[in-house]
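Scroll down for the structure; my scribbles are underneath it.
Because the structure is a prediction, the values reported are computed rather than measured. For the single chain, residues carry numbers from 1 onward in sequence order.
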Amino acid sequence: MSHSDLVNAPLGHDVVYPTTYDASLLFPIARANNRAGLGSLPAWHGADIWTAYELSWLNAKGKPVVAMGRFTLPHSTPFLIESKSFKLYLNSFNESRFAHIEDVKQLMQKDLDAASGGTVQIEIEPLQAGLEVSCRAMHGENIDDIDVEITRYQPAPDLLQCDRGQIVTETLTSDLLKSNCPVTGQPDWGSVQIEYTGPKLDRAALLKYIVSLRQHNEFHEHCVEKMYCDLWHLCEPSALQVYARYTRRGGLDINPWRSSNPTAQVLVQRTPRQ
């Protein structure tokens, strides 16, 4: 993605926080622009799961309501939504009045469907009810304790190695995922879970590869798709799922996942850093 794609985005610019509801704050970014650089795309499935921890609006009498939300954008939507614009959009509800929570949901449904070009799954609950959110490490065998020397901090898919004579099914995790915002350069910290059936991955090589994204400038969704494509093309597993959970910024966390299984589901859980 070039920075020209973001020239009109609020990201990287000083902005005035909205005082009234404003759907025009949402800034869509075409997924196709980034995917064009990934080569032959696999037939993947998945979604981008956003958790909003700072939702609020006023009821009909002007009394604040606080809530949490979960927004799931299917991988097939033509557009993702730039995170700062999403934050500003959600904050535009802060001083606006709504008689019922369903009014908020319906308005967000209309706006987010229009911005993404698809159908967004929306869950909003007042804090008294609350979304069920667990907090624990991602399921799988963590590889971070492997003692390796690392010298490369830009994406290096050539580091990946696998044993084609040994076919396994396993789930590996790492908390050493880090990339940077492509505009501001701010660090994006995350954990990644890789589930696959195929030639056994060399774990030390996989860890080096994950860390190689450390100075890479790209959005969360794009990093997950890049990892998926690198693993798919270089190791040719018969089944693959890549799921990353990133720490929140501005009251939002983004958790993209891509899978070769059209019926796959992921466990929606907070990691300890979220």
Side-chain angles (χ1 to χ4, degrees), residues 1 5-11 13 15-35 45-133 219-222 224-225 246 248-258 265-266 268:
M1 177 191 305
D5 298 321
L6 298 168
V7 65
N8 295 315
L11 190 62
H13 301 285
V15 296
V16 177
Y17 265 75
T19 56
T20 56
Y21 158 75
D22 186 356
S24 70
L25 291 166
L26 291 168
F27 190 87
I29 298 173
R31 295 186 189 272
N33 295 341
N34 183 75
R35 289 173 176 174
H45 309 270
D48 308 325
I49 304 169
W50 299 65
T51 314
Y53 298 90
E54 299 176 8
L55 285 182
S56 185
W57 59 89
L58 305 178
N59 70 12
K61 295 183 177 181
K63 181 181 177 181
V65 178
V66 290
M68 284 180 59
R70 186 179 296 140
F71 306 90
T72 303
L73 279 69
H75 77 285
S76 56
T77 59
F79 300 92
L80 58 85
I81 298 173
E82 188 275 309
S83 60
K84 186 173 182 180
S85 80
F86 199 178
K87 176 180 70 172
L88 292 170
Y89 165 75
L90 294 177
N91 274 278
S92 79
F93 284 78
N94 290 351
E95 310 305 327
S96 297
R97 296 192 182 204
F98 299 92
H100 304 287
I101 190 171
E102 286 303 320
D103 298 331
V104 176
K105 288 182 181 179
Q106 290 175 13
L107 191 55
M108 288 185 177
Q109 189 76 63
K110 176 176 71 71
D111 295 340
L112 294 173
D113 286 358
S116 68
T119 301
V120 178
Q121 180 183 344
I122 298 176
E123 304 167 76
I124 301 176
E125 296 289 350
L127 290 189
Q128 299 92 319
L131 290 171
E132 182 180 348
V133 181
F219 289 131
H220 305 63
E221 301 92 332
H222 296 161
V224 167
E225 293 188 346
Y246 284 87
R248 76 183 78 165
R249 183 186 295 167
L252 288 170
D253 64 32
I254 310 174
N255 311 285
W257 64 279
R258 300 293 182 267
Q265 298 290 328
V266 295
V268 180

- Item | All ring pair (Phe, Tyr, Trp, His ring centres under 6.0 Å) counterparts of Phe79, not counting sequence neighbours | none

- Item | Results of side chain to side chain donor-acceptor pair (under 3.5 Å) for Asp103 - residues two or more places apart only | none

- Which atom of Met108 lies closest to which atom of Ile122, heavy atoms considered: C-CD1, 3.7 Å

- Message: Check whether Ser85 reaches the backbone of Leu26 with its side chain - one donor and one acceptor, N or O, closer than 3.5 Å.
- Response: no

- Task: Would you please name every residue forming a side chain to side chain contact (heavy atoms under 4.5 Å, CB included) with Glu102, sequence neighbours left out?
- Result: Lys105, Gln106

- Which residues share a side chain to side chain contact (heavy atoms under 4.5 Å, CB included) with Pro74, sequence neighbours left out: Ser76, Thr77

- Heavy-atom closest contact (Pro78 atom, Gly117 atom, distance): CD-O, 3.5 Å

- Item | salt bridge (charged side-chain N to carboxylate O under 4.0 Å, His left out): pairs with one or both residues in residues 45-63, sequence neighbours excluded | Arg31-Asp48, Asp48-Arg258

- Message: Applying ring pair (Phe, Tyr, Trp, His ring centres under 6.0 Å), can you list everything that pairs with Tyr246, at least two apart in sequence or on another chain?
- Response: His220

- Message: With heavy-atom distances below 4.5 Å as the criterion, would you say the side chains of Glu125 and Met68 are in contact?
- Response: no

- Query: Do Phe71 and Phe86 make the cut of ring centroids closer than 6.0 angstrom?
  - Reply: yes

- Message: Would you compute the distance between atom CH2 of Trp257 and atom OG1 of Thr72 and round it to the nearest 0.5 angstrom?
- Response: 9.5 Å

- Listed partners of Ser24 passing side chain to side chain donor-acceptor pair (under 3.5 Å), at least two apart: Asp22

- Task: For a side chain to side chain contact (heavy atoms under 4.5 Å, CB included) with Ile49, tell me which candidate from Asp253, Leu73, Asn255 qualifies.
- Result: Asn255

- Note on the structure: Contacts of Asn59 meeting side chain to side chain donor-acceptor pair (under 3.5 Å) (sequence neighbours excluded), chain-then-number -> none

- Item | From Leu80 atom CG to Ile254 atom CD1, the distance as rounded to the nearest 0.5 Å | 8.5 Å

- Task: Any chance you could measure Leu90, atom CG, to Leu55, atom CG, to the nearest 0.5 Å?
- Result: 5.5 Å

- Test side chain to side chain contact (heavy atoms under 4.5 Å, CB included) applied to Leu58 - qualifying residues, sequence neighbours left out: Pro64, Glu95, Arg97

- Roughly how far, to the nearest 0.5 Å, is OH of Tyr53 from CG of Leu127? 12.0 Å

- Query: Can you list the residues that meet the side chain to side chain contact (heavy atoms under 4.5 Å, CB included) rule with Ala23, with sequence neighbours excluded?
  - Reply: Tyr21, Tyr89, Asp111

- Closest non-hydrogen contact found for Ala99 with Ala60 is CA-CB, 4.2 Å

- From CD1 (Ile29) to CD (Glu221), nearest 0.5 Å: 8.0 Å

- Qualifying residues under salt bridge (charged side-chain N to carboxylate O under 4.0 Å, His left out), relative to Lys110, sequence neighbours excluded: none

- Query: Considering residues at least two apart in sequence or located in another chain, which fulfil the side chain to side chain donor-acceptor pair (under 3.5 Å) criterion with Asn94?
  - Reply: Asn91

- Query: If you round to the nearest 0.5 Å, how far is OG of Ser83 from CH2 of Trp50?
  - Reply: 5.0 Å

